[in-house]
Amino acid sequence: MAEDERKIVLDKSNFSEWYNDVVDVAGLSEKRYPIKGMNVWTPYGWKIMQKVDSIIRRECDATGHDEVHFPLLIPKTEFQKEADHIKGFDAEVYWVTHGGLNELDIPLLLRPTSETAMYPIFSLWVRSHKDLPLKTYQIVNTFRYETKMTRSFIRVREIHFFEAHTCHDSFEEAEKQIREDCSIMDKVGSDLCLPYLLVKRPDWDKFAGAVYTIGVDTLMPSKKTLQLGSIHQYKENFSKPYDIKFEGSDGEFHFAHQTTYGMSERLIGAIVGVHGDDKGVIMPPKIAPFQFVIIPILAKNKSEMVLEEARKLRQEMTEMGFRIKLDERDTRPGSKHYDWEIKGVPIRIEIGPRDIEKGTVVFARRDLSTKSFIERSDLKAQAEKALDEIHSELRKRADDIVDNGVKMVDSLDDGTKLLGSGWDGIIKTNWCGEMDCAQAMEKALDKTFLGFPMKDVDSGEEEKHSGNCMNCGRPTDTVVMLSKSY
RNA sequence: GGGCCCGUGGGUUAGCUUGGUAUACUUGUGCGUUCGGGACGCAUAGACUCCAGUUCAAAUCUGGGCGGGCCCA
C-alpha cells in the first residue's frame with residue numbers, strides 16, 4: 001500500500017490539526033467527556049503519564065523530597081490570605097458553594113495550585129530551624145477554569161500536576177533549592193528527550209505571589225514556545241501571611257523562605273509535538289509504556305507454534321527488564337503494524353515461522369523506519385543498543401529544533417527582515433529595560449516577551465551580552481527572548 | 001467582555017432552503033477462509049443533543065438550555 005493510500009492521513013505541516021488528530025488516533029486521550037477541558041485518561045495515555053511521574057518521583061526522592069498529598073478543597077478564607085495570589089487566580093477558580101442542600105458558610109474552592117492548602121499546615125510543621133529544610137512534593141489534579149480554547153495536555157481545566165513546595169531557613173538556601181530544581185529539570189528533560197530553555201520571566205509575567213519565576217520552555221514545531229514547568233522564588237511572601245516561622249539557633253523567630261517547582265501533563269503534549277511525525281507519535285524509550293511490541297506472524301498450520309514461541313520471547317524479554325507488549329489480536333500483521341506505529345512503540349519485533357527456523361527476530365525501528373534481523377542469542381545486547389540509539393536520535397532531533405529555533409538579532413529592522421524571510425522561532429536580543437521599548441518590540445515582531453534566558457543550569461545567573469536595545473539603541477547588557485507561546 | 005458558526009449510529013457524513021420514508025463510507029459483532037505493511041465473503045447491530053412551541057405530522061421551522069468551535073478585545 002502506497003503512502004498516499006493510508007487510511008489515516010496525518011500531516012505535521014499543519015501542526016495544530018495534526019496534534020489533535022494524532023492525540024485522538026494514537027489513543028492518548030478521550031476527548032468526549034462532556035466538560036470542556038476535562039478529558040479522560042485512556043489506558044495508554046495514563047501509562048505514559050505514570051512513567052513520566054515515576055521519573056519525577058525518582059528525581060525528587062533522590063534529592064530528599066518527601067511525597068505528600070493534600071486535600072483538593074481549600075476554604076475561601078485560607079485562599080484569600082495572600083493578596084497577589086488571589087488576584088492571579090480569582091478569575092479561574094471553581095467554587096464549591098453547597099454541601100448537599102445547604103449553602104456553605106465558607107465556600108470551598110478546587111485547588112488551582114496548592115500553596116493555600118499546604119501553607120496553613122506548614123506553619124504547624126515548621127517550628128524549629130531543625131525542621132528545615134522542609135522539602136515536599138505532590139502529584140495531584142488541579143483545576144483552572146480556562147475560558148480559551150482547550151487542547152489535550154496543553155491547555156486543560158483539570159490538570160495532572162506535579163508541585164514541589166519547600167521551606168528554608170534563609171534566602172541563600174532557597175536559592176540553592178532553585179538550582180537543585182533546575183538540575184532535576186535537566187534529568188527529566190534528558191529522559192523525555194526534551195530540550196528546554198530556562199527563562200526568567202519579566203516582572204509582569206511572574207507567578208502570582210512570587211518574587212521571581214523561572215519558566216521552563218520548549219519549542220514546538222509550530223515555532224511557538226510551550227511552558228513545561230516553572231520554578232518560583234517566594235522569599236517570605238507566603239510565609240508571612242501564612243505564619244510559617246521557626247525559632248532559629250539564635251533564639252529569635254524568623255519567617256521561612258519558600259520555593260515551588262511545578263510541572264504538568266504538558267510534558268506529554270511536548271513529547272507528542274516534538275517527536276511525532278506523519279506516521280504518529282514516537283515515544284522516547286525511557287517512558288514508552290511498551291518499549292517493544294511483538295507481532296507474531298501466524299501462518300497457516302503454524303499459528304500455535306509461532307504464538308508459543310512469541311510468548312516465550314515475551315517472557316524472556318520481560319525477565320531482561322524490558323517493557324513488552326505481545327499483540328495476540330486476531331487481525332492481520334499489517335494492521336497491527338500501523339496501530340503500534342501510530343502509538344509510537346520504539347521497536348516492533350516480528351517473529352514468524354522463518355525467524356523461528358533461523359533463530360532470529362526482526363527489529364523495526366519507529367524513528368528510522370528501518371528493519372533488521374537480530375540473532376536470538378544476542379537479543380539482550382541488541383535490544384539495549386537499539387533503545388539507546390533511539391534515545392540519542394530523538395534527543396538529537398529535538399535539540400536541532402531548539403538550536404535552529406533561536407536567533408540573536410540586533411535591531412528591529414533585522415528582526416522583521418528575518419521573520420519576513422520565512423524563518424520563525426525565538427528572537428533573542430538586547431533590551432534597555434523600558435516598558436515602552438518592550439511594547440514596541442512585541443508589536444513590531446508580533447511576539448511576546450518570554451523573558452531573560454539563564455546562563456546555564458547551575459549558576460542561577462541570567463545571560464549577559466553587551467549590545468544595544470533593539471528598539472531605542474541604548475547600550476545595555478540585558479538579554480531577552482521573544483516568542484509566540486501557547 | 002463583544003461578535004459569528006456548529007450539534008444526525010463509535011467515527012466521517014447525505015438529507016434541512018420547500019416539514020412526511022434518514023444516505024453512504026468506516027467501525028463494531030458472529031461464522032468461515034486468511035495472516036512477513038491496513039484481507040475477503042456472508043450475516044448482523046447501531047443515530048437525528050435536550051426541553052418547550054408551531055403543526056395532522058419536526059432531523060428539517062421558532063425560542064431556550066446544554067455541549068463544541070472560530071474571530072476580535
Side-chain angles (χ1 to χ4, degrees), chain A residues 1-11 14-40 42-44 90-92 94 145-152 154-158 222 277-280 292-311 313 326-345 347-374 376 439 442-443 446 448 484 486:
Chain A
M1 185 178 244
E3 286 291 300
D4 56 4
E5 286 176 84
R6 282 170 168 278
K7 283 188 182 169
I8 294 161
V9 180
L10 294 169
D11 175 14
N14 179 352
F15 181 78
S16 187
E17 202 173 298
W18 172 89
Y19 181 87
N20 290 334
D21 288 347
V22 82
V23 164
D24 186 36
V25 115
L28 301 179
S29 184
E30 169 58 82
K31 292 186 272 201
R32 288 171 297 184
Y33 193 77
I35 301 178
K36 179 187 172 81
M38 295 197 187
N39 300 342
V40 176
T42 58
Y44 193 63
D90 218 10
E92 47 189 281
Y94 280 95
Y145 181 74
E146 289 287 350
T147 54
K148 290 198 182 2
M149 185 182 50
T150 55
R151 192 186 277 281
S152 302
I154 289 177
R155 181 179 284 125
V156 290
R157 286 173 163 181
E158 180 174 356
S222 57
D277 61 19
D278 287 354
K279 293 176 179 174
F292 299 85
V293 60
I294 301 170
I295 311 289
I297 311 299
L298 305 170
K300 194 177 183 179
N301 298 329
K302 295 180 180 166
S303 63
E304 269 314 307
M305 183 270 283
V306 172
L307 206 50
E308 203 177 300
E309 197 59 34
R311 286 174 183 150
L313 178 63
L326 169 59
D327 191 343
E328 294 194 23
R329 288 177 302 166
D330 183 21
T331 57
R332 302 205 124 210
S335 171
K336 296 178 186 180
H337 296 171
Y338 281 101
D339 283 355
W340 294 108
E341 190 168 73
I342 289 168
K343 286 180 178 296
V345 174
I347 294 172
R348 181 181 76 240
I349 299 179
E350 295 168 26
I351 181 165
R354 299 206 294 267
D355 299 294
I356 294 168
E357 223 167 90
K358 289 188 292 179
T360 59
V361 293
V362 175
F363 271 20
R365 273 178 64 164
R366 174 63 182 84
D367 57 334
L368 303 176
S369 299
T370 53
K371 273 193 184 188
S372 52
F373 288 96
I374 302 295
R376 283 287 285 275
Q439 279 163 8
E442 288 190 338
K443 197 167 171 204
D446 192 26
T448 55
K484 280 206 172 89
Y486 278 100

| said: Less than 4.0 angstrom from a charged side-chain N to a carboxylate O is my criterion; do A:Glu30 and A:Arg32 meet it? | reply: yes
| message | Suppose you measure atom C1' in B:C16 against the same atom in B:A59; what distance do you get, rounded to whole Å? | response | 8 Å
| message | Quick check: do A:Ile347 and A:Ile349 have side-chain heavy atoms less than 4.5 Å from each other? | response | yes
| task | Measure from CG on A:Asp330 to C1' on B:A39 and round the result to the nearest Å. | result | 11 Å
| message | Over all strands shown, is A:Asp355 touching base, sugar-phosphate only, or nothing at heavy-atom distances under 4.0 angstrom? | response | base
| said: I want to confirm an ordering. Mapping A:Lys300 and A:Ser335 to their closest nucleotides on RNA chain B, which one lands closer to the 5' end? | reply: A:Lys300
| note | A:Asp327 CG to B:G36 C1', in whole Å, measures 15 Å
| request: May I ask which nucleotide in the shown strands pairs with B:C48, Watson-Crick or G-U wobble, both distances under 3.5 Å? | output: none
| task | Could you measure between the two P atoms, the one in B:A45 and the one in B:G2, and give it in whole Å? | result | 50 Å
| task | Quick one: label A:Pro353 by what it contacts on the DNA or RNA (base, sugar-phosphate, nothing), any heavy atom closer than 4.0 Å. | result | base
| Is the shortest heavy-atom distance from the side chain of A:Trp18 to the side chain of A:Asp11 under 4.5 Å? | no
| task | Write down the distance separating the C1' atoms in B:C71 and B:G65, rounded off to the nearest Å. | result | 24 Å
| Whole-Å distance separating the CG atom of A:Asp339 from the P atom of B:C35 | 20 Å
| More 5' along RNA chain B: A:Arg354 or A:Lys148, using each one's nearest nucleotide? | A:Arg354
| request: Taking the side chain as every heavy atom from C-beta outward, state whether A:Glu309 and A:Asp355 have any atom pair closer than 4.5 Å. | output: no
| query | Just checking A:Ser303: base, sugar-phosphate only, or nothing, at a heavy-atom cut-off of under 4.0 Å? | reply | nothing
| task | Provide the distance between the two P atoms, one in B:G38 and one in B:U49, to the nearest whole Å. | result | 38 Å
| message | Quick check on B:C40: is either OP1 or OP2 less than 4.0 Å from any side-chain nitrogen or oxygen of A:Arg332? | response | no
| query | Is any side-chain heavy atom of A:Glu328 less than 4.5 Å from a side-chain heavy atom of A:Leu307? | reply | yes
| Distance in angstrom units between A:Lys336 NZ and B:U34 C1', rounded | 13 Å
| query | Angle class for the A:Phe292/A:Phe363 ring planes (parallel below 30°, perpendicular above 60°, tilted otherwise)? | reply | tilted
| request: Looking at every strand, decide which applies to A:Arg329 at a 4.0 Å heavy-atom threshold: base, sugar-phosphate, or nothing. | output: nothing
| query | Considering every strand shown, what is the Watson-Crick or G-U wobble mate of B:U17 when both distances are under 3.5 Å? | reply | none
| query | What is the distance, rounded to the nearest whole Å, between atom CZ of A:Arg32 and atom C1' of B:G7? | reply | 15 Å
Strictly under 3.5 Å: I want the nitrogen or oxygen pairs between protein and nucleotides 25-30 of chain B, one per line.
none

| message | Taking A:Asp446 first and then A:Lys484, would you say they form a salt bridge - that is, a charged N and a carboxylate O separated by under 4.0 Å? | response | yes
| request: Could you tell me whether A:Arg365 and A:Asp367 have a side-chain N and a carboxylate O separated by less than 4.0 Å? | output: yes
| said: For B:U23, give the paired nucleotide (Watson-Crick: N1-N3 plus N6-O4 or O6-N4; G-U: N1-O2 and O6-N3; both under 3.5 Å), or none. | reply: none
| Considering only heavy atoms from C-beta outward, does the side chain of A:Thr331 approach that of A:Lys336 to under 4.5 Å? | yes
| field | Rounded distance in Å between the P positions of B:C61 and B:G19 | value | 10 Å
| message | Between A:Lys302 and A:Glu357, does any side-chain N to carboxylate O distance fall below 4.0 Å? | response | no
| note | When rounded to whole Å, the NE2 to P distance for the pair A:His337 and B:C35 reads 14 Å
| query | Can you tell me the Watson-Crick or wobble partner of B:A59, both distances under 3.5 angstrom? | reply | none
| message | When both hydrogen-bonding distances must be under 3.5 Å and the geometry is Watson-Crick or G-U wobble, what is B:G7 paired with, if anything? | response | B:C66
| message | In whole Å, measure the gap between the C1' atoms of B:A73 and B:G68 for me. | response | 22 Å
Under 3.5 Å, which protein N or O atoms sit close to an N or O of nucleotides 66-71 of chain B? Give each pair with its distance.
unit_1: B:G68; atom_1: OP1; unit_2: A:Lys36; atom_2: N; d: 2.4
unit_1: B:G69; atom_1: OP2; unit_2: A:Lys36; atom_2: NZ; d: 3.3

| Integer-rounded Å distance: B:G37 C1' and A:Phe363 CZ | 19 Å
| task | Name the pairing partner of B:G1, where a pair is Watson-Crick or G-U wobble with both distances under 3.5 Å, or state none. | result | B:C72
| Pairwise P distance, B:G63 and B:A47 [rounded to whole Å] | 29 Å
| task | For B:G36, give its Watson-Crick or G-U wobble partner with both distances under 3.5 Å, or none. | result | none
| note | A:Glu341 CD to B:G37 C1', in whole Å, measures 8 Å
| task | Look at A:Arg366 together with A:Asp277 and state whether they make a salt bridge at an N to O cut-off of under 4.0 Å. | result | yes
| said: What's the separation between atom CD1 in A:Ile356 and atom CG in A:Leu313, rounded to the nearest 0.5 Å? | reply: 9.5 Å
| task | In whole angstrom, give me the gap between the P atoms of B:G69 and B:G11. | result | 15 Å
